[in-house]
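Reviewing the structure listed below.
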Amino acid sequence: MTPAPAIAVRDLQVRLRPPRRPGAAPAAILRGLSFTAPAGQVTAIVGANGAGKTTALRTIIGAVPAAAGSIEVMGRVMGPADVPLPEGVAVVADASPYPDHWTAHDVARLHQACVPRFSVRRLGAELRAHEVDLDTRIRDLSRGQVTQLLVAAALASAPQLLILDEPLARLDPLAREELVDRLRTQLATEDTTIVLTTHDLDGMDRFVDHLVVIAGGRCVLEGAVEDLRDELVLVELPGLLPSGLALQGAERIGDLTRGLLPADDAAGLPPAARLLRPGLTDLVTGALRHARGTDRTDR
Ligand SMILES: Nc1ncnc2c1ncn2[C@@H]1O[C@H](COP(=O)(O)OP(=O)(O)OP(=O)(O)O)[C@@H](O)[C@H]1O
């Protein structure tokens, strides 16, 4: 049974005026985006650069106004008025929201004043584990260390729902692996729902439960990863595609044509076809290529 959604977004429309062009008409950034993030699971929101992932997260947390649609976070209907996020939601933005002359001690004081479950001890332990100095001003930390500070502050809030925008982008490979492990532990020990945007799917197959692929401000693929891997097969065929056969997100790799097909349609494939279980990256790249209409079958 699918768990109740921690986040439910329906037909979300966002229009934004291009920055530094006050006279320009607002452009449609989200165009009817719908998806859910099941409670107690890890949802990854992925898509091409500029697809609208950050805008979606910023709209969900109330930082960007929606032109239409509905958002529910842990059962609370958000917007259009200034509805605060429910208690128990922590957000790791893609940049520091704190004044850059602050240190980790200032961040701790702020959270202590506003978040009932915040643990200063946990913040300190998290930062010391990653060798981030608590007395250094934010402007003197590296970008990766700032990410560590934002993640540590979020984890020290003992959140029920943790929303992270591109948390892996600025981390070195080891720190990235460690963060995925920390989030896994958080999920296992505190049953925290995790929703993150990322471009980095390497090693995420066994971490991500629910996948949301966004292209052009809409969701083009959504589902439980294991269900999607059952419902779609990755087909590899030598040579060109036989006429009448269309693979989703098809690409040519050397002499092979490779793409996704609903598992129910696999019976009609030529005998030379190899059928594989798609990984997370196959699902995402296939969906994005298909959404772009750049399926390459004839070269
Ligand atoms: N404040 C803003 N005002 C106007 N347009 C914006 C604003 N923020 C983002 N956009 C535009 O909205 C579109 C989506 O941007 P967004 O940052 O949501 O994409 P993204 O999927 O997170 O991209 P990336 O993977 O590169 O981080 C882009 O075309 C961007 O230029």
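Start at 1 and go down the list; that is how both ligands and their atoms are numbered.
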R17 heavy atoms within 4.0 Å reach ligand 1 at atoms 3 (N), 4 (C)
For ligand 1, which is the ligand I care about here, please tell me if A51 has any N or O atom under 3.5 Å from one of the ligand's N or O atoms. yes
From CZ (R143) to CG (D94), nearest 0.5 Å: 9.5 Å
Top protein contact for atom 9 (C) of ligand 1, by heavy-atom distance: T55 OG1, 4.0 Å
Test item: protein heavy atom less than 4.0 Å from atom 7 (C) of ligand 1: yes
Sidechain N-carboxylate O distance under 4.0 Å for R76, E87: no
Ignoring hydrogens, tell whether any protein atom lies closer than 4.0 Å to atom 31 (O) of ligand 1; use the non-hydrogen atoms only. no
Is there at least one pair of N or O atoms, one from N49 and one from ligand 1, spaced under 3.5 Å apart? yes
May I ask which of A28, G50, A169, G216 has a heavy atom nearer to atom 23 (O) of ligand 1 than the others do? G50
Please write down residue, atom name and distance for the protein heavy atom closest to atom 2 (C) of ligand 1. L16 CD1, 3.7 Å
If we only consider heavy atoms of R58, is any one of them less than 4.0 Å away from an atom in ligand 1? no
What is the closest protein heavy atom to atom 21 (O) of ligand 1, and at what distance does it sit? K53 NZ, 2.7 Å
Does G52, backbone or side chain, put an N or O under 3.5 Å from an N or O of ligand 1? yes
Are more than 12 heavy atoms from other residues, nucleotides or ligands located less than 6.0 Å from atom CG of D172? yes
Do me a favour and list the nearest non-hydrogen protein atom to atom 17 (O) of ligand 1 with residue, atom name and distance? T54 CB, 3.6 Å
Could you tell me whether the side chain of T197 and the main chain of E166 form a donor-acceptor pair under 3.5 Å? yes
Near R274 CZ, under 6.0 Å, is it more than 12 heavy atoms from other residues, nucleotides or ligands? no
Region of A48 engaging ligand 1 - heavy atom pairs below 4.0 Å: backbone
Applying salt bridge (charged side-chain N to carboxylate O under 4.0 Å, His left out), run through R58 and D165 and close with a yes or a no. CA-CA 9 Å; R58 287 174 52 76; D165 191 8; over 6 Å; no
Does atom CD of Q112 have more than 12 heavy-atom neighbours, drawn from other residues, nucleotides or ligands, at distances under 6.0 Å? yes
Salt bridge present between E126 and R122 (N-O < 4.0 angstrom): yes
Which protein non-hydrogen atom lies closest to atom 11 (C) of ligand 1, naming both residue and atom, and how far is it? I29 CD1, 3.8 Å
Check for me, please, whether V64 and V83 land in the same ILVMFWY cluster - side-chain distances under 4.5 Å, paths through other members count. yes
